[in-house]
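The structure presented is a predicted model; accordingly, all values stated were derived computationally and were not measured.
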Amino acid sequence: MSVDTVSLTGWGRTAPTTAVRFRPRGYEEAAAVVRGRGPRGVIARGLGRSPGDAAQNAGGSVLDLSGLARIGGVDAAAGVVRCDAGVSLERLLRVLLPLGWLPPVLPGTGRVTVGGAIGSDLPGLDHRRAGSFARHVSALELLTADGEVRTVLPGTALFDATAGGLGLTGVVLGATLRLRRVSTGLMAVSTERAGDLDDLLARFTAGGDRLPYASAWVDLMARGRATGRGILTRGEHATPDMRPAHAGRTRLFPRSGAAPGRSPFPGLPPLPDGLLGPAAAALCNEVRYRGSPRARTGELRPVPAFFHASDALPDVRPLYGRGGLVRYRFTVGYGQEETLHRVVRRIAARRSPAVRAVLQRFGAADPGLLSFAAPGWSLELDLPAALPGLGRFLDGVDEEVAAAGGRVCLAQDSRMRPETAAAMYPRLAEFRELRARLDPAGAFRSDLSRRLGL
């Protein structure tokens, strides 16, 4: 096991803190770290894709599980896989797709570990049909505060606290997942432009869930009658009769994926720091909107290109400046569309340089005590952390979301106030009580847990 002292941040590169990082080679080494923890406790970390401080532990220990990445076995007949927590969804997809299976839930990046997907109870693009990630976990191996590894099953209090529990009930070491059968490695995709937010919401709901995967890019720089305009992308798994004759020779994956932080285009220099001002963001959004088709159906894309298109792009974080970026994701229920409208108008009026903004629809809530997804609309956006007054502005948005019965995503948060989190998550007291009973000494801690009093 390697050990070093390192300064860590989340993917947003805000608020670095220093911790002792352990990289175990097996379950017993991970258990030894938990048993020998110091007074500041320990928190698990995967690939560091959480934008905030959920996988940081100032002055304590961080258990880097990226080396625990074995895929123990795929039952191709039953559609079940057993794997370590450090396996990335990208790698899992590479292994499963040629066998005719997919991971149960796929978010917008494959650079998330199975353990991270469980700890944040990730929703995917078809939440209305499939729910969040932990709904498809049939068992998990959890390293608890006493240094023992327990098999935890759905329907138990410990499972519900661990699903979306941000690593604060223990270290997920492995899981058994139920998979999704597919007949081809292609997606049939439809794309359409919407002129404003009302138009976008109407297009989202038209046709129900005939195309189960859906998300929209929203232009948060547009104002006036174009406020909230966007591009809706929907998809379904292509059947063999949809596949063109040459598709059998089409590679499901590129020969080598772009490495994180590198351009996939040879010869392209690194992106310069801090270019993302209001004028540049508005121009970028205008080009993207005008360059998209008004309406297109039946386009065939490889599965990875549909779900993880952003993974093949250059690292855009330098554009947000050296202060990093703040990712803000919230959800409000159906019937609260006016709240969504007000938030979009507030962001547009402020001229905050937002080029990434993703709108989704969620279905029934999952049983995790701190799971984020609930029936309604979810908007996720990135903003430069150094924007003047950004904290006060987002505090005001927090209040509006909370007043509408909505919530902000804890797994991506880097700045919310503890009283706001308590107002948004009604089962937080239940979560705290279970943690106090199972881990009275506070073995599992993070910068986020201390900041929010979780």
Side-chain angles (χ1 to χ4, degrees), residues 2-24 33 37-67 86 88 109 111-113 115-116 119-120 166-168 171 259-262 270-276 314-329 352-353 356 380-395 408-418 421 442-454:
S2 66
V3 183
D4 59 354
T5 300
V6 63
S7 177
L8 295 170
T9 70
W11 193 80
R13 302 196 298 191
T14 59
T17 57
T18 300
V20 179
R21 177 173 58 186
F22 296 85
R23 288 173 165 163
V33 173
R37 65 188 179 272
R40 297 283 287 180
V42 62
I43 195 68
R45 183 181 178 93
L47 297 177
R49 297 294 291 194
S50 172
D53 52 3
Q56 297 171 224
N57 186 19
S61 301
V62 169
L63 197 56
D64 184 334
L65 299 182
S66 57
S88 72
T109 175
R111 294 170 185 157
V112 179
T113 62
S120 55
L166 305 166
L168 299 175
V171 179
R262 296 183 182 178
L271 295 175
D273 283 352
L275 290 181
L276 196 63
D315 184 354
V316 300
R317 289 176 296 173
L319 294 177
Y320 291 86
R322 295 186 179 180
L325 64 89
V326 170
R327 177 161 295 171
Y328 188 75
R329 187 176 197 182
S352 297
R356 181 186 179 276
E380 175 183 279
L381 60 140
D382 292 344
L383 295 169
L387 282 177
L390 180 62
R392 291 191 302 275
F393 174 75
L394 292 180
D395 285 345
V408 170
C409 182
L410 298 178
Q412 299 185 349
D413 177 59
S414 60
R415 31 73 43 201
M416 190 164 46
R417 295 177 178 176
F444 302 109
R445 307 182 195 182
S446 66
D447 290 356
L448 180 141
S449 73
R450 280 187 285 267
R451 177 169 56 83
L452 295 181
L454 302 181

Point-to-point distance, once rounded to the nearest 0.5 Å, from [atom1] of [X] to [atom2] of [Y]:
| X | Y | atom1 | atom2 | result |
| --- | --- | --- | --- | --- |
| R40 | S446 | CZ | OG | 10.5 Å |
| S352 | L276 | OG | CG | 10.5 Å |
| D64 | I43 | CG | CD1 | 13.0 Å |
| L47 | W11 | CG | CH2 | 13.0 Å |
| R417 | L452 | CZ | CG | 12.0 Å |
| L166 | S50 | CG | OG | 8.0 Å |

Okay, side chain of [X], backbone of [Y]: is any donor-acceptor separation there less than 3.5 Å?
| X | Y | answer |
| --- | --- | --- |
| R21 | L63 | no |
| D413 | M416 | yes |
| T18 | S7 | no |
| R445 | P39 | yes |
| Q56 | A15 | yes |

Search all heavy atoms of [X] against all heavy atoms of [Y] and return the closest pair with its distance.
| X | Y | value |
| --- | --- | --- |
| F22 | S61 | CE1-OG, 3.5 Å |
| S414 | G52 | CB-CA, 3.8 Å |
| P51 | A411 | CD-O, 4.1 Å |
| A385 | G323 | CB-O, 3.4 Å |
| G391 | R415 | O-NH2, 4.3 Å |
| A54 | L448 | CA-CB, 3.8 Å |

Checklist line | Check against side chain to side chain contact (heavy atoms under 4.5 Å, CB included), V20 and V3 | finding: CA-CA 7 Å; V20 179; V3 183; 3.6 Å; yes

Check: side chain to side chain contact (heavy atoms under 4.5 Å, CB included) between F393 and L387: does it pass, once the steps are laid out?
Finding: CA-CA 10 Å; F393 174 75; L387 282 177; over 6 Å; no

Notebook entry, point to check: Does a side-chain heavy-atom distance below 4.5 Å link T14 with T9?
Noted result: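 T14 vs T9: side chains apart.
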
Checklist line | Side-chain heavy-atom pair L383, L325 within 4.5 angstrom cut-off | finding: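 No, side chains not in contact.
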
Next item on the list: Using the side-chain hydrogen bond (donor to acceptor under 3.5 Å, both in side chains) rule, take N57 and R45 through it: C-alpha gap first, then chi angles, then the decisive distance, then the call.
Entry: CA-CA 10 Å; N57 186 19; R45 183 181 178 93; over 6 Å; no

Next item on the list: With D382 as reference, evaluate R13, R327, R317 under the salt bridge (charged side-chain N to carboxylate O under 4.0 Å, His left out) test and give the passing residue.
Entry: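 Testing each of R13, R327, R317 against D382, the sole residue satisfying salt bridge (charged side-chain N to carboxylate O under 4.0 Å, His left out) is R327.
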
Check: V62 and L8: side chain to side chain contact (heavy atoms under 4.5 Å, CB included), yes or no, with the steps?
Finding: CA-CA 9 Å; V62 169; L8 295 170; 3.9 Å; yes

Next item on the list: Applying side chain to side chain contact (heavy atoms under 4.5 Å, CB included), run through L381 and R356 and close with a yes or a no.
Entry: CA-CA 6 Å; L381 60 140; R356 181 186 179 276; over 6 Å; no

Notebook entry, point to check: With no hydrogens and no angle check, do the side chains of D447 and T17 hold a donor and an acceptor under 3.5 Å apart?
Noted result: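 Yes, a side-chain donor-acceptor pair sits under 3.5 Å.
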
